[in-house]
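Notes follow once the structure below has been shown.
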Amino acid sequence: QVQLVESGGGSVQPGGSLRLSCVASGFTFNRYPMGWYRQVPEKEREMVAWIPTGGSSSDYADSVKGRFSASRDDDSNTIFLQMNNLQPEDTAVYYCRRSNSNYWGQGTQVTVSS
């Protein structure tokens, strides 16, 4: 069955960095675009980054452009989200998702606070 497992969350001070990972299994990974999303309580889940297949450039939400960088490694069935210059408004639970599906990981908490 499809499984997505995120890791790498934690607590950092403003201006800090974190790198999230999402390991996928149960499907042919290199055939699917993948996405990173985040959610805070009482708000809808929002897309942060979209990672196409075949080496095309990722797309980003305006709020993270220039600070976040998403990538994938098809050999290890993993996507990454490098988050730099983190700000308190980036605090959320971060999820990965397979495109065209309702397959989500369990989420990893990112907290940015001084």
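In what follows, residues are counted from 1 in the order of the sequence shown.
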query = Step by step, would you call Gln109 with Thr91 a side-chain contact (heavy atoms from CB on, under 4.5 Å)?
reply = CA-CA 8 Å; Gln109 176 71 46; Thr91 296; 4.0 Å; yes
inquiry  = If I take atom CD from residue Gln87 and atom CZ from residue Arg67, how far apart are they, to the nearest 0.5 angstrom?
reply    = 6.0 Å
query = Can you tell me how far the OG atom of Ser69 sits from the CG atom of Leu81, to the nearest 0.5 Å?
reply = 8.0 Å
query = Roughly how far apart are Arg45 CZ and Tyr37 OH, rounded to 0.5 Å?
reply = 9.5 Å
ask   = Taking the side chain as C-beta and beyond, is there a heavy-atom pair between Ser71 and Ile51 under 4.5 Å?
value = no
request  = Decide yes or no for Leu18 and Asn84: does some side-chain heavy atom of the first lie under 4.5 Å from some side-chain heavy atom of the second?
outcome  = no
query = Between Trp36 and Phe68, is the gap from one ring center to the other below 6.0 Å?
reply = no
ask   = Rounded to the nearest 0.5 Å, what separation is found between the OG1 atom of Thr108 and the OH atom of Tyr94?
value = 10.5 Å
Residues Ser17, Val12; criterion side-chain contact (heavy atoms from CB on, under 4.5 Å); working and verdict = CA-CA 7 Å; Ser17 298; Val12 296; over 6 Å; no
ask   = How close do Cys96 and Ile79 get, heavy atom to heavy atom, and via which atoms?
value = CB-CD1, 3.8 Å
task = Return yes if some donor-acceptor pair links the side-chain N/O of Ser99 with the main-chain N/O of Pro33 below 3.5 Å, else return no.
result = yes
request  = Look at atom CZ of Phe27 and say whether more than 12 heavy atoms of other residues, nucleotides or ligands are closer to it than 6.0 Å.
outcome  = yes
request  = Decide yes or no for Phe80 and Leu20: does some side-chain heavy atom of the first lie under 4.5 Å from some side-chain heavy atom of the second?
outcome  = no
message = Taking atom CD as the centre, does Glu44 end up with more than 12 heavy-atom neighbours from other residues, nucleotides or ligands that are less than 6.0 angstrom away?
response = no
query = Does any pair with a residue in residues 49-59 pass side-chain hydrogen bond (donor to acceptor under 3.5 Å, both in side chains), and if so which ones, sequence neighbours excluded?
reply = none
query = Taking a hydrophobic cluster as the set of Ile, Leu, Val, Met, Phe, Trp and Tyr residues connected by side-chain heavy atoms closer than 4.5 Å, whether directly or through intermediates, do Met34 and Val5 fall within one such cluster?
reply = no
ask   = Rounded to the nearest 0.5 Å, what separation is found between the CZ atom of Arg98 and the CD atom of Gln3?
value = 13.0 Å
query = Sub-3.5 Å donor-acceptor pair from the side chain of Arg72 to the main-chain atoms of Pro52, do we have one?
reply = yes
query = If you look at every heavy atom in Asp90 and Val112, which pair is closest and at what distance?
reply = CB-CG2, 4.4 Å
task = Establish, from distance only, whether the side-chain atoms of Thr78 and Asp73 form a donor-acceptor pair under 3.5 Å.
result = no
message = Please check this pair: side chain of Glu6 against backbone of Gly107, looking for a donor-acceptor N/O pair closer than 3.5 Å.
response = yes
query = Does the side chain of Pro88 reach to within under 4.5 Å of the side chain of Pro14, using non-hydrogen atoms?
reply = yes
query = Are any non-hydrogen side-chain atoms of Tyr95 and Arg38 less than 4.5 angstrom apart?
reply = no
query = Would you say the side-chain atoms of Tyr60 pair up with the backbone N or O of Gly66, donor to acceptor, closer than 3.5 Å?
reply = no
